[in-house]
Amino acid sequence: MARFSRAAGERSGPPAVVPVEGDMRWTRTFIHTLRQDPADAEVVSHRLMVRAGLISKVAAGIYNYLPLGLRTLAKLERIIREEMEHAGSSELLMPAVTPAELWHESGRWSQYGPELLRLKDRHQRDFCFGPTHEEVVTDIVRREVRSYRQLPVNLYQIQTKFRDEVRPRFGLMRGREFVMKDAYSFHADPADLEVAYRAMETAYCRIFERCGLSYVKVEADTGNIGGSESHEFMVLADTGEDAILSCSCGYGANAEKAETGALPEAPAWPRQAPESPEAVATPEQTSVEDVAAFLELEPAHFIKTMIFETDQEFVAVLIRGDREINEVKLKNALGCTHLQLASAEKIETVTGGPQGFSGPVGLHDVRVVADPTVMSLAVTATGANAADAHLVGVRPGRDFDPAVVADVNLAVAGDPCPRCGQPMIEKRGIEVGHIFKLGTKYSEPMRCTFLDSEGNEQPCIMGCYGLGVGRTAAAAVEQNHDDRGIIWPLPLAPFEVVLVLLNSDQDDVVAAAEQIYGSLRAAGVDVLFDDRLERPGVKFNDLDLIGFPVRLVVGKKGLASGNVELSLRRDGERQMIPLDGVVQAVTGLLAEERAKLPS
RNA sequence: CGGGGUGUAGCGCAGCCUGGUAGCGCACCUGCCUUGGGCGCAGGGGGUCGGAGGUUCAAAUCCUCUCGCCCCGACCA
């Protein structure tokens with residue numbers, strides 16, 4: 001059965017080439033496992049995917065998808081395509097190499113840093129290898145759409161992207177070249193975008209559920225776009241690069257974005273605080289903890305003052321002494337694209353005092369940003385902008401007046417949930433999907449407009465929806481493995497069933513295995529026939545490493561009593577099946593396993 | 001971008017400090033043997049030691065440059 005062959009008319013481009021069912025025996029395909037761990041693999045998924053012969057490295061962050069690995073990708077892509085089509089998106093394929101002009105139009109040619117791989121053609125014209133395709137898709141739509149009657153438009157592609165990451169690592173989890181599903185929608189009004197956004201949200205949930213992955217959907221940072229809504233889909237794994245804060249009430253957010261409920265107030269001052277700011281000597285006490293201990297106060301009594309440098313200015317950022325600053329929130333509050341801590345020299349220039357003794361009182365020529373936790377302090381202590389001195393008795397609002405009051409507080413595990421106030425917990429996750437309400441960020445500068453029912457020209461309101469294909473496969477491994485190897489969830493396994501021939505020198509055993517292989521294929525079972533002339537130990541170890549969900553062993557011992565052995569990779573429990581019941585047992589087991597997941 | 005490390009057979013590594021004709025394990029080839037968890041024995045093939053330059057009678061080894069790869073840091077006043 002042509003489970004993987006493409007339906008007539010179904011379009012797709014590389015790397016979506018779907019393997020066509022041929023003779024699926026090990027010796028006729030290309031499967032090569034490694035006995036030893038690759039030297040450069042740090043994380044489980046990278047190590048196992050290389051060892052199992054799913055991928056191999058070509059250059060830093062650039063991989064071959066070998067036949068087994070490609071089968072997994074193809075299965076995942078098939079699920080993605082089904083759900084995207086179901087959600088009303090149409091597949092197309094845009095070029096990987098795109099002209100600089102489009103990127104100039106959106107302004108991203110200059111905004112994007114070295115992550116954008118730039119190329120020149122023989123005429124010295126600028127191009128780049130697309131890291132994402134907002135510009136290109138907006139160009140497509142603006143050429144055709146004139147009227148609100150032509151909206152909405154919803155397009156997706158599955159394509160190879162390139163981002164020249166500073167530090168590619170973790171195999172497919174953070175490669176430079178990677179396969180991604182990206183979708184874009186265009187709408188006449190926000191309500192219509194909302195409909196598409198929710199449809200995508202549902203589609204993503206279904207995709208990860210159908211893959212058998214344990215994931216969470218969390219609120220995410222919207223970056224410099226502002227105001228819009230954004231959600232990330234995280235596959236839960238201890239090795240995940242992102243921290244997620246979540247609450248039993250259902251609230252969940254990327255730590256970059258997470259808010260908190262009301263934080264516990266700072267303890268009362270242990271003694272009478274001075275009426276007006278009073279300088280006290282704090283020789284060589286630079287950290288809040290040290291100064292607090294030195295002055296016999298709590299860190300929460302302090303204002304921590306950090307000097308940042310943005311692409312346009314210096315800012316002094318105030319946070320309560322027991323808290324940390326969330327730089328992503330700060331970036332959003334400032335509306336800047338670059339942000340970094342100022343150097344010690346620059347701090348001196350800006351505040352007049354050395355690093356470690358900064359405070360908001362008497363600062364001029366810099367904007368002061370204060371977190372609400374600072375403004376709610378009645379009386380505080382902070383740096384005096386002079387060496388070895390702090391001020392006590394500082395009253396926010398009286399002794400200094402911040403230009404901006406904004407939430408720049410970094411939420412941590414144990415903080416109260418913004419919705420219900422219960423303490424939040426922290427988990428780690430791998431970001432596998434990210435959906436966005438873009439608004440008019442691209443449609444406006446690129447003049448992707450339509451005429452509304454009153455004849456007014458308006459920019460399209462856009463959404464974009466990304467899903468890392470390779471990363472999802474890696475996340476599946478990260479989440480499903482043991483010390484022997486991968487334990488593929490059934491929907492993503494390169495083959496659902498592996499049929500193992502032992503004693504390949506004995507004609508009757510070979511004949512029995514061949515006969516079973518034939519009837520399994522006739523029954524449409526997704527089976528690989530391990531017909532190698534290897535010792536059993538070698539075979540079993542390879543199969544455990546690759547992680548085929550269902551294993552069927554044909555050997556002379558079982559055959560002597562007319563049986564073959566059936567087991568699941570997950571638990572390894574073996575059951576003997578009479579020869580004439582093999583197909584039924586396998587198809588029954590597969591049906592049982594499939595029933596556990598949505599389809 | 002900074003700091004560190006590394007590059008020797010397909011893979012994993014030793015040799016380098018103290019220059020003197022390149023080694024181990026796995027894999028591979030041949031034969032015998034063996035076949036339900038990475039067998040055994042015997043024989044064999046395979047490397048311009050990342051590249052360029054230099055020092056030297058002699059360089060994998062010392063020096064300089066270069067390229068690739070890996071790790072750490074992007075750290076809180």
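Only a predicted model underlies this, so the values are computations on that prediction, with no experimental measurement involved. Convention: sequence-line order gives letters A, B, ...; per-chain numbering from 1.
- For A/E165 and B/A74, the CD to C1' distance is 14 Å, given to the nearest whole Å.
- Residue A/R484 is in base contact, counting any heavy-atom pair closer than 4.0 Å across all strands shown.
- Distance CD (A/E324) to P (B/C75): 14 Å, rounded to an integer number of Å.
- For a distance-only test at 3.5 Å, the side chain of A/R51 qualifies as a donor-acceptor partner of the base of B/G38.
- With hydrogens and angles ignored, a donor-acceptor pair closer than 3.5 Å exists between the side chain of A/R551 and the base of B/G37.
- Among the atoms of the strands shown, none is found under 4.0 Å from any heavy atom of A/I325.
- B/G7 and B/A74 have their P atoms separated by 27 Å, given to the nearest Å.
- Rounded to the nearest Å, the gap between the C1' atom of B/U21 and that of B/A59 is 12 Å.
- The separation between A/D530 atom CG and B/U35 atom P is 19 Å, rounded to whole Å.
- Aromatic ring orientation, A/Y112 versus A/W103: perpendicular (interplanar angle above 60°, classes split at 30° and 60°).
- At most 12 heavy atoms of other shown residues, nucleotides or ligands fall within 6.0 angstrom of atom CG in A/D507.
- Atom pair A/D483:CG and B/G38:C1' shows a separation of 15 Å (rounding to whole Å applied).
- Taking A/T373 as the reference, A/D371 meet the side chain to side chain donor-acceptor pair (under 3.5 Å) condition, with sequence neighbours excluded.
- When the nearest nucleotides of RNA chain B are assigned to A/S504 and A/N541 by heavy-atom distance, the more 5′-ward of the two goes with A/S504.
- Classification of A/K304 and A/E324 as a salt-bridged pair holds, one side-chain N sitting under 4.0 Å from a carboxylate O.
- When the P atom is compared between B/G68 and B/G50, the two are found 16 Å apart, to the nearest whole Å.
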N/O to N/O distances under 3.5 Å, protein versus nucleotides 68-70 of chain B:
residue, atom, partner, partner atom, Å
B/C69, OP1, A/A60, N, 3.3
B/C69, O3', A/K57, NZ, 3.1
B/C70, OP1, A/K57, NZ, 3.3

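- Remark: A/N541 pairs with no residue by the side chain to side chain donor-acceptor pair (under 3.5 Å) rule, at least two apart or across chains.
- Checking B/C49 for Watson-Crick or G-U wobble geometry (two distances, each under 3.5 Å) identifies no partner in any strand.
- Of the residues in residues 401-415 of chain A, none lies under 4.0 Å from RNA chain B by heavy-atom distance.
- Pairing of B/C1, defined by two Watson-Crick or G-U wobble distances under 3.5 Å, is identified with B/G73.
- When distances are taken from the side chain of A/R35 to each of B/C76, B/G37, B/A27, the shortest belongs to B/A27.
- Residues meeting the side chain to side chain donor-acceptor pair (under 3.5 Å) test with A/D290, sequence neighbours left out: A/S287.
- Nucleotides B/C29 and B/C13 have their C1' atoms positioned 23 Å apart, rounded to a whole Å.
- Between the P atoms of B/G45 and B/G23, the separation comes to 12 Å (whole Å).
- Of the charged side-chain nitrogens involved, none lies within less than 4.0 Å of a carboxylate oxygen, so that A/K331 and A/E256 do not count as a salt-bridged pair.
- Each of A/R428, A/K427, A/E431 was evaluated against A/D242; a single residue qualifies, A/E431, per the side-chain contact (heavy atoms from CB on, under 4.5 Å) test.
- A/I307 comes within contact range of at least one nucleobase, with a heavy-atom separation under 4.0 Å.
- Using Watson-Crick or G-U wobble geometry with both donor-acceptor distances under 3.5 Å, B/C41 finds its partner in B/G31.
- For the C1' atoms, the distance from B/A60 to B/G15 is 8 Å, rounded to whole Å.
- Distance check: A/D407 CG to A/K329 NZ gives 3.5 Å after rounding to the nearest 0.5 Å.
- As judged by a 4.0 angstrom heavy-atom cut-off over every strand, A/G558 is placed among the base-contacting residues.
- Nucleic acid contact for A/D37: sugar-phosphate only, since backbone atoms but no base atoms lie under 4.0 Å from a heavy atom of the residue.
- The nearest whole Å value for the distance from the CG atom in A/L543 to the P atom in B/G38 is 13 Å.
- Residue pairs meeting the side chain to side chain donor-acceptor pair (under 3.5 Å) criterion with at least one partner in residues 351-360 of chain A, sequence neighbours excluded, are absent.
- Listed by first and then second residue, the side chain to side chain donor-acceptor pair (under 3.5 Å) pairs involving residues 37-56 of chain A are A/D37-A/R47, A/D40-A/K57, A/S45-A/E478, A/H46-A/Y63, A/S56-A/N64 (not counting sequence neighbours).
- Pairing for B/G20 goes to B/C57, judged as Watson-Crick or G-U wobble with the two contacts each under 3.5 Å.
- Of the residues near RNA chain B, A/V288 and A/T33, the one whose nearest nucleotide (by heavy atom distance) lies more toward the 5' end is A/T33.
- Across all strands shown, B/G7 forms a Watson-Crick or G-U wobble pair with B/C67, both key distances being under 3.5 Å.
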For residues 543-557 of chain A, run the donor-acceptor check on the side chains, cut-off 3.5 Å, and write out each pair with its distance to 0.1 Å, sequence neighbours left out.
residue, atom, partner, partner atom, Å
A/D544, OD2, A/R484, NE, 3.0
A/D544, OD2, A/R484, NH2, 3.1
A/R551, NH2, A/E565, OE2, 3.2

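- Within 6.0 Å of the CD atom in A/E289, the count of heavy atoms belonging to other residues, nucleotides or ligands exceeds 12.
- Taking A/R169 as the reference, nothing meets the side chain to side chain donor-acceptor pair (under 3.5 Å) condition, with sequence neighbours excluded.
- Between the CZ atom of A/R532 and the P atom of B/G38 there is a distance of 14 Å, given to the nearest Å.
- Note that the CE atom of A/M234 and the NE2 atom of A/H434 stand 8.5 Å from one another [nearest 0.5 Å].
- Rounded to an integer number of Å, the gap from A/R169 CZ to B/G73 P is 8 Å.
- Counted within 6.0 Å of CZ on A/R28, heavy atoms from surrounding residues, nucleotides or ligands total 12 or fewer; the atom is thus considered open.
- B/C24 and B/G46 have their C1' atoms separated by 15 Å, given to the nearest Å.
- The same atom, P, is picked in B/U61 and in B/G3; the two are 25 Å apart, to the nearest Å.
- A heavy atom lying under 4.0 Å from RNA chain B marks the following residues of residues 352-365 of chain A, by number: A/Q355, A/G356, A/F357.
- Spacing between atom CD of A/Q36 and atom P of B/G25 amounts to 13 Å, rounded to whole angstrom units.
- The side-chain contact (heavy atoms from CB on, under 4.5 Å) test applied to A/A100 returns A/H104, A/W109, A/D126, not counting sequence neighbours.
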Set out, line by line, the N/O atom pairs under 3.5 Å between protein and nucleotides 29-34 of chain B.
residue, atom, partner, partner atom, Å
B/U34, O2, A/R535, NH1, 2.7

